[in-house]
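Single-structure report; data block below.
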Amino acid sequence: MTLFDILDKNLVQVPLRAINKEEAINELSSLIAEKHGIPTKVISDGVWNREQLGSTAIGDGVAIPHCKCKDIDKCEVAIGLCREPINYDGHQVKIIFMVIANPDNSALHVQILSSIARLCTSNVCRNLLFEAPDKNSLLAVLSD
Amino acid sequence: MTPYQNILVYLDSNDSSLVAAMYGILLAKEAKCDITVMYVVDTKALSYLVKSRIFLDEEHDNYEKDLMTDANRYLNQVEKMATRKGVKLRVESDRGSAVSCVNSYIRKENIDLLIMGSVSKIQSRREELASDEDRLLRMVGCPVLIVRDDERIWEEFEEDLL
């Protein structure tokens, strides 16, 4: 199972309106929460608890905040692309992949995180994602 | 007389592999051959996530425990299904990369048929060879049977899944 297999295009935000980490996490959390009919706080609290253990900015302009949440059926990914890099724990971040999985779906969670890691390892892919002018262009890079 | 004496089913957390296990049980019953079901906890992926700075060491350990629990749950479920069909089934679990663990088991135990669930549709060229099923299909040293999802297989096990 890969990122593109489970990605809901309605959870892709280009550009992200947020101008800092807190707003970005809230904006992406609200996309997932709205889809599942749950309060945004249910998602964002889980993400912030994980952030307290250590930043999920992985370098090269990418952050992958993630956590488990029992209110999500399997695994959900929200993607936000910033027009200008935002400060994310001292890292300049352009793209954020938020990954939330049901606690009983750890294997799927690991598969999706690995899929994103493979995608972001490539300089070419990363730059194409950063330069995507709109949602469809970003999805085209993901499906290539 | 079946050409297969010793079959292996590759089980993971996807429903398609559960269908493969059901099919394997029915085949083993009909052919009166040995059947083993194997689940591999993908510790290679966990290490990759730590190396990529996505996981902390602590998360690696917690997820590994969760994956082991999942593995036992899936293997127990399949074992129960086999018992109800009167089939004696051997369960195996391992840790590492699915491809190398399965391949090494096939060689060690002289497996003559690997049964797997259907490989997913190729959504992205970049991911074409990334899935364990794709790589197993291409790399194992024995015949491979891909089981497509089929209502008739689920019906055979309907009572077991309630």
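Within every chain, numbering begins at 1; the chains are lettered A, B, ... in the order of the sequence lines, protein sequences first and strands thereafter.
Around the CZ atom of B:Arg95, the shell of radius 6.0 Å holds no more than 12 heavy atoms that belong to other residues, nucleotides or ligands. Remark: B:Tyr105 OH is packed, more than 12 non-hydrogen atoms of other residues, nucleotides or ligands lying under 6.0 Å away. Residue-environment remark: CD (A:Glu23) exceeds the threshold of 12 foreign heavy atoms within 6.0 Å.
When the candidates A:Ala117, A:Ala63, A:Pro65 are compared by the number of heavy-atom contacts under 4.5 Å with chain B, A:Ala117 comes out ahead. With chain A as partner, the option from B:Lys51, B:Glu59, B:Glu58 having the largest number of non-hydrogen pairs under 4.5 angstrom is B:Glu59.
Rounded to the nearest 0.5 angstrom, B:Arg53 CZ and A:Ile64 CD1 are separated by 10.5 Å. The OG atom of A:Ser114 sits 10.5 Å away from the NZ atom of B:Lys44 when rounded to the nearest 0.5 Å. A distance of 12.5 Å separates OG in A:Ser106 from NZ in B:Lys65, rounded to the nearest 0.5 Å. Rounding to the nearest 0.5 angstrom, the gap separating the CG atom in A:Asp104 from the CG atom in B:Asp66 is 9.0 Å.
With a 4.5 angstrom heavy-atom cutoff, B:Leu49 touches chain A only via side-chain atoms. Interface remark: B:Asn14 contributes side-chain atoms only to the contact with chain A (heavy atom separation under 4.5 Å). For B:Ser13, the part sitting under 4.5 Å from any heavy atom of chain A is the side chain, from C-beta outward, and nothing else.
The hydrophobic cluster containing A:Val14 does not contain A:Ile32, counting ILVMFWY residues as joined when their side-chain heavy atoms lie under 4.5 angstrom apart, directly or transitively. Linking Ile, Leu, Val, Met, Phe, Trp and Tyr residues whenever their side-chain heavy atoms come within less than 4.5 Å places A:Trp48 and A:Val93 in a single cluster. Hydrophobic clustering, with ILVMFWY side chains joined whenever heavy atoms are under 4.5 angstrom apart, keeps A:Leu81 apart from A:Ile96. In the hydrophobic clustering of this structure, A:Leu139 groups with A:Val62; members are Ile, Leu, Val, Met, Phe, Trp, Tyr whose side-chain heavy atoms approach within less than 4.5 Å, directly or through other members. A:Ile100 and A:Leu7 fall into different hydrophobic clusters, where Ile, Leu, Val, Met, Phe, Trp and Tyr residues are linked whenever their side-chain heavy atoms come under 4.5 Å apart, directly or through other members.
Checked options A:Ile58, A:Val99, A:Val110, A:Ile116; the residue passing with B:Ile54 is A:Ile58 (criterion: side chain to side chain contact (heavy atoms under 4.5 Å, CB included)).
The aromatic rings of B:Phe55 and A:His66 sit tilted relative to each other, their planes meeting at an angle between 30° and 60°.
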How far apart are the C-alpha atoms of B:Leu56 and A:Arg50, what are their side-chain angles, what is the distance that settles it, and do they pass the side-chain contact (heavy atoms from CB on, under 4.5 Å) test?
-> CA-CA 10 Å; B:Leu56 305 167; A:Arg50 166 58 185 83; 3.5 Å; yes
